[in-house]
**Q** 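Here you go, one structure.
Scope of the values below: all heavy atoms of this structure, side chains included, with no hydrogens, waters or symmetry mates.
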Amino acid sequence: MTTKTSIDHIGDYVGQTVCLEGWLYNKRSSGKIVFLQLRDGSGWIQCVAVRSELPEAQFSACQNVTQESSLRVTGTVRAEARSQSGYEMSIESVEIVGHASDYPVTLKEHGVDFLLDHRHLWIRTPRQRSILKIRSEILLAMTEFFANNGFTRVDPPILTPTSCEGTSELFHTKYFEEDAFLTQSGQMYMEAAAMALGKVYSMGPTFRAEKSKTRRHLIEFWMIEPEMAYVTHAQNLEVQEQFISHIVQHVLENCSAELHVLERDVSKLTSVTTPFPRLTYDDAIAWLQENGHEISWGEDFGAPHEAAIASAYDRPVFIEKFPTAIKAFYMQPDPDRPEVALCADLLAPEGYGEIVGGSERIHDYNLLLKRFEEHHLPLEDYQWYLDLRRYGSVPHSGFGIGLERTVAWICGLEHVREASAFPRMLYRLTP
RNA sequence: UCCUCGAUAGCUCAGCGGUAGAGCAUCCGGCUGUUAACCGGAGGGUCGUAGGUUCGAAUCCUACUCGGGGAGCCA
C-alpha cells in the first residue's frame, strides 16, 4: 500500500513513492510530456507524466484529464529547482476519481457577478483559499488571546425577542406564535455573562436588514464581542490594542505564503504595534476642520471623514469620547463631561473603516432607567437587563469587532464579500 | 431609499445607424520542461425584456428587469 500524504508535507518524502489525492488545477502538455498541476487544499504541486515511462492508457488519461477533475496521483517525489515549491512528482499512475466537464471558473478573468454566482467553485482558487485560511487563522489567534487572558467563551442566542440597540433594521421571523428577530448583537447577553464569569467573549453571526451596498457591508457577518466586569474605558482600549496587535502578529508569523498569494504589502502590517494612537472626538473634529472638512461638533463622522483620519496613521487609531447624543443609550457618560460617552471606535488603516466599536456600559440602575425612557424603549422587554444593575452591579466594558472587515484589512481586500465563504449581500442570497 | 455605471458567444470584452467580431474555454490536430504554455483548424449568438424613431437599430429614445460602484446606517 502506497503512503498517502498531503502536498504541504511533500518535502518529507523526497525519493519515495507516495499517493496524493486532490483536484486538477491546470494542465499543460506537449506530445510526449504532460504537466498536471494538482491541488489538495494544503497546497499545489506539479506532477509530470512522460510518455516513454507510462503505459499508453495511463499517459492518455493524463493528456485528457480536465480542469478540476478529482484525481489520485501516485508517483515519486523529487526535489526540483525549476518548481516554485521546490518539489515535483514523477507520475507512476493516475486514477480519475470524478470527471469534471466544462468547468465554469476558468483561469482567465471573470466578472464579479459571475464569480459570486459560482462562489461554491470560486473558493477553489489560490486567492480565495488564502483568504479563507487567513480568516481561520485570525479566529484561532483570537481564541488564543482570550484563552491566554482569562476569558470564557459564551455563545449568546441568535433568535431574540427584541432589538439590542433599538436602531438597526432587524430580520423578522416567527417563533411559533411570537415574533422573533435575528440578533444584531449579543452584547446585552454578554453583559449578563460577564457578571457570571468575569471576562467573556462571543464569536458568531449577526444580521442587519439594512439596505447597505458598499464594499464594507454584509447583511450577515461575524462579530466577536468580549465583555469584561470591573474593567474601565481606559483598560478596555488597552485590551483592544493588545488583541488587534496579537492577531496581526499571528497572521504575519503563520500565513506568509497566503499573504504572498494575496500580494499583501506586509510592511502595512508589521507597523501595527502597541500603543495605538488615541484621538478624542473633540481632537478629531478640530483636525477635520483644519483639513478642510465641513463638520461641526455634535455630528457623526461620515465614511470620508473616517478615511481621512485613518490615512494619517500607519496603524489603527482610536477615536474616543463621542457626544452621548449620537451614541448608543447604554454607554457610560464621562463623569467629568456628561455630554460625551466613555466609548471608542477603532479605525483600521488604508480606508477599511471602523473595525471595532466599544464602550464602558452604564452600571447605575437609575441612569440606565432614565436612558430607557429617553429612548422610548419598552421597559417590560428589558427587565432582565435592568436586573444586572439591581443585583451587584459593577463598572464593566466591552467591544465588538467585525470579523470580515478585519479579514479584509489584514488581507488587503477590495471588498468584504471575499472575506466570507458564502457572503450574504443585498440582493444576493445564493449560493 | 438616493446618486452613478453597466447588460453582445460558456467567460472577458470590442463593435456605437448599413451582412455579428476577438481572446480564452470546448472539440480535432501538432509539439519532450510547460508556468494564465504555444501553433493550426472547427463548432458556438432571439446583442437583458417590451415599446418607439428610421428605408434600415446591438448601435438613437422611453419604460421595465437584473447587476456593479458609492452615499446614508453600521462592524
**Q** Would you say the ring centers of A:Phe181 and A:Phe207 fall short of 6.0 Å from each other?
**A** no
**Q** How close or far is atom C1' of B:rA75 from atom CD of A:Glu220, stated in whole angstroms?
**A** 14 Å
**Q** Could you give the CG-to-P distance, from A:Asp102 to B:rC24, as a whole number of Å?
**A**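 Nearest whole value for this atom pair: 17 Å.
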**Q** Using the C1' atoms only, state how far B:rA63 lies from B:rA42, rounded to an integer number of Å.
**A** 42 Å
**Q** Taking N or O atoms only and anything under 3.5 Å, show me the protein contacts with nucleotides 10-16 of chain B, one pair per line.
**A**
residue : atom : partner  : partner atom : Å
B:rC11  : O2'  : A:Glu109 : O            : 3.2
B:rC11  : O2'  : A:His110 : ND1          : 2.6
B:rU12  : OP1  : A:Gly111 : N            : 2.9
B:rU12  : O4'  : A:Glu109 : O            : 3.3

**Q** What is the distance, rounded to the nearest whole Å, between atom CD1 of A:Ile138 and atom P of B:rA75?
**A**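 In whole Å, B:rA75 P lies 19 Å from A:Ile138 CD1.
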**Q** Considering every strand and a 4.0 Å limit on heavy-atom distances, what is the contact class for A:Ile355: base, sugar-phosphate, or nothing?
**A**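 Sugar-phosphate: the residue A:Ile355, judged by heavy atoms under 4.0 Å, touches backbone atoms but no base.
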**Q** Report the residue (A:Gln67 or A:His217) whose heavy-atom-nearest nucleotide on RNA chain B is the more 5′ of the two.
**A**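 Upstream on the strand: A:Gln67.
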**Q** Only pairs at least two apart or in different chains count here, so list each side chain to side chain donor-acceptor pair (under 3.5 Å) that has a residue in residues 301-319 of chain A.
**A**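 Listed once each, the pairs are A:Thr273-A:Arg315.
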**Q** Give none if B:rG67 has no partner; otherwise give the nucleotide forming a Watson-Crick or G-U wobble pair with it, both distances under 3.5 Å.
**A** B:rC5
**Q** Now, which nucleotide makes the Watson-Crick or G-U wobble pair with B:rC74, with each of the two distances under 3.5 Å?
**A** none
**Q** For B:rG69, take OP1 and OP2 only and decide whether either is under 4.0 Å from a side-chain N or O of A:Arg417.
**A**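 Answer is yes, contact under 4.0 Å.
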**Q** Please report the distance separating the C1' of B:rC61 from the corresponding atom of B:rU1, rounded so that it comes out in whole Å.
**A** 27 Å
**Q** May I ask which nucleotide in the shown strands pairs with B:rG18, Watson-Crick or G-U wobble, both distances under 3.5 Å?
**A** B:rC55
**Q** In whole Å, measure the gap between the P atoms of B:rG40 and B:rC66 for me.
**A**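 The answer is 44 Å between these two P atoms.
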**Q** Can A:Glu56 and A:Arg51 be counted as an ion pair, charged N to O under 4.0 angstrom?
**A** yes
**Q** May I ask you to check whether A:Gln242 and A:Glu238 show a side-chain donor-acceptor distance below 3.5 Å?
**A**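 No donor-acceptor contact under 3.5 Å links the two side chains.
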**Q** Quick one: do the A:Arg208 and A:Thr206 side chains pair a donor with an acceptor below 3.5 Å?
**A** no
**Q** For A:Arg127, give me all partners under side-chain hydrogen bond (donor to acceptor under 3.5 Å, both in side chains), at least two apart in sequence or on another chain.
**A**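 Testing A:Arg127 for side-chain hydrogen bond (donor to acceptor under 3.5 Å, both in side chains), a comparison that skips the adjacent residues, returns A:Glu418.
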**Q** Any strand counts, and the cut-off is 3.5 Å on both contacts for Watson-Crick or G-U wobble. Which nucleotide pairs with B:rG33?
**A**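 Partner of B:rG33: none.
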**Q** Please determine, by modelled atom types, if A:Ser185 and A:Glu225 share a side-chain donor-acceptor pair under 3.5 angstrom.
**A**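 Yes - a donor-acceptor pair under 3.5 Å links their side chains.
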**Q** Suppose we define a pair by two distances each less than 3.5 Å, Watson-Crick or G-U wobble; what does B:rA25 pair with here?
**A** none
**Q** Ignoring hydrogens and angles, state whether a donor on the side chain of A:Glu360 or A:Thr232 is under 3.5 Å from an acceptor on the partner side chain.
**A**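 Per modelled atom types, A:Glu360 and A:Thr232 side chains form no pair under 3.5 Å.
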**Q** Tell whether A:Arg428 reaches the base of B:rC66 with its side chain through a donor-acceptor pair below 3.5 angstrom.
**A**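 There is none.
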**Q** Tell me the partner of B:rU62, counting only Watson-Crick (N1-N3 plus N6-O4 or O6-N4) or G-U wobble (N1-O2 and O6-N3) with both under 3.5 Å; none if nothing fits.
**A** B:rA50
**Q** Sequence neighbours left out, what passes side-chain hydrogen bond (donor to acceptor under 3.5 Å, both in side chains) with A:Thr274? Give chain and number order.
**A**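 Checked A:Thr274 against side-chain hydrogen bond (donor to acceptor under 3.5 Å, both in side chains); zero matches.
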**Q** Who does B:rG44 pair with, Watson-Crick or G-U, both distances under 3.5 Å?
**A**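 The answer is none; no pair meets the criterion.
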**Q** Please report the distance, rounded to the nearest Å, between CG in A:Leu107 and P in B:rA25.
**A** 9 Å
**Q** For a quick check of understanding: with a heavy-atom distance under 4.0 Å over all strands, which category does A:Val416 fall into, base, sugar-phosphate or nothing?
**A** nothing
**Q** Return a single string for nucleotides 1-9 of chain B, one symbol per nucleotide in 5' to 3' order, where B is base contact, S is sugar-phosphate-only contact and - is none, cutoff 4.0 angstrom on heavy atoms.
**A** B--------
**Q** Distance check needed: B:rU26 C1' versus A:Asn64 CG, whole Å only.
**A**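 Answer to the nearest Å: 13 Å.
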**Q** Classify the side-chain pair A:Gln187/A:Tyr330 by whether it contains a donor and acceptor separated by less than 3.5 Å.
**A** yes
**Q** A:Arg216 side chain N/O closer than 4.0 Å to the phosphate oxygens (OP1, OP2) of B:rA71?
**A**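 It does, given that an N or O in the side chain of A:Arg216 lies less than 4.0 Å from OP1 or OP2 of B:rA71.
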**Q** For B:rG67 and B:rG56, measure between their C1' atoms and round to the nearest Å.
**A**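 Taking atom C1' in both B:rG67 and B:rG56, they lie 32 Å apart.
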**Q** Looking at A:Glu354 and A:Arg405, is any side-chain nitrogen of the basic one under 4.0 Å from a carboxylate oxygen of the acidic one?
**A**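 A salt bridge is absent here (no side-chain N lies under 4.0 Å from a carboxylate O).
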**Q** Write down the distance separating the C1' atoms in B:rC73 and B:rC64, rounded off to the nearest Å.
**A** 29 Å
**Q** Would you jot down, in residue-number order, the residues of residues 309-321 of chain A having a non-hydrogen atom under 4.0 Å from RNA chain B?
**A**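 Close to the strand, none.
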**Q** When you compare B:rC16 with B:rG72, how far apart are their P atoms, in angstrom units rounded to a whole number?
**A** 39 Å
**Q** Decide whether A:Gln128 and A:Thr125 meet the rule of one side-chain donor and one side-chain acceptor closer than 3.5 Å.
**A** no
**Q** Side-chain contact, heavy-atom cut-off 4.5 Å: A:Ser420 with A:Val416?
**A** no
**Q** Output the rounded distance in Å from CZ (A:Arg135) to P (B:rA75).
**A**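 For the pair A:Arg135 CZ and B:rA75 P, the rounded distance is 17 Å.
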**Q** Between B:rU32 and B:rG18, how far apart are the P atoms? Round to whole Å, please.
**A** 48 Å
**Q** Listed in order of residue number, which residues of residues 84-97 of chain A have a non-hydrogen atom at under 4.0 Å from RNA chain B?
**A**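 Correct list: A:Glu88.
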**Q** Pick the P atom in B:rG15 and in B:rG6, then give their distance to the nearest Å.
**A**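 After rounding to an integer number of Å, I get 12 Å for this pair.
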**Q** Contact class for A:Gly353 vs. all strands (heavy atom < 4.0 Å): base, sugar-phosphate, or nothing?
**A**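 No contact at all - A:Gly353 keeps every heavy atom at 4.0 Å or more from the nucleic acid.
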**Q** State whether a side-chain donor-acceptor pair under 3.5 Å links A:Asp8 with A:Ser6.
**A** yes
**Q** Can you list every pair that meets ring pair (Phe, Tyr, Trp, His ring centres under 6.0 Å) and has a residue in residues 78-108 of chain A, with sequence neighbours left out?
**A** none
**Q** Among all residues two or more places apart in sequence or in another chain, which pass the ring pair (Phe, Tyr, Trp, His ring centres under 6.0 Å) test with A:His118?
**A**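 Testing A:His118 for ring pair (Phe, Tyr, Trp, His ring centres under 6.0 Å), a comparison that skips the adjacent residues, returns A:Phe114.
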**Q** Relative to the ring of A:Phe329, is the ring of A:His375 parallel (under 30°), tilted (30 to 60°) or perpendicular (over 60°)?
**A**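 Answer is tilted, since the angle falls between 30° and 60°.
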**Q** How would you label the contact of A:His415 with the nucleic acid (heavy atoms, under 4.0 Å): base, sugar-phosphate, or nothing?
**A** sugar-phosphate
**Q** Just how far, in rounded Å, is C1' of B:rA75 from NZ of A:Lys327?
**A**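 About 11 Å, once rounded to whole Å.
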**Q** For A:Phe322, enumerate each residue passing the ring pair (Phe, Tyr, Trp, His ring centres under 6.0 Å) test, keeping only those at least two apart in sequence or located in another chain.
**A**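 Per chain and number, A:Phe322 pairs via ring pair (Phe, Tyr, Trp, His ring centres under 6.0 Å) with A:Tyr281, A:Phe301.
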**Q** Could you go through nucleotides 30-32 of chain B and list every protein N or O atom that sits under 3.5 Å from one of its N or O atoms, giving the distance for each pair?
**A**
residue : atom : partner : partner atom : Å
B:rC31  : N3   : A:Ser29 : O            : 3.4

**Q** Charged N to carboxylate O under 4.0 angstrom, A:Glu258 versus A:Arg264?
**A**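 No.
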**Q** Who passes salt bridge (Lys or Arg N to Asp or Glu O under 4.0 Å) against A:Glu95, sequence neighbours left out?
**A**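 Checked A:Glu95 against salt bridge (Lys or Arg N to Asp or Glu O under 4.0 Å); matches are A:Arg72.
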**Q** Can you tell me how far P of B:rA36 sits from CH2 of A:Trp44, to the nearest Å?
**A** 14 Å
**Q** Looking at every strand, decide which applies to A:Leu218 at a 4.0 Å heavy-atom threshold: base, sugar-phosphate, or nothing.
**A**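 Since a base atom lies under 4.0 Å of A:Leu218, the category is base.
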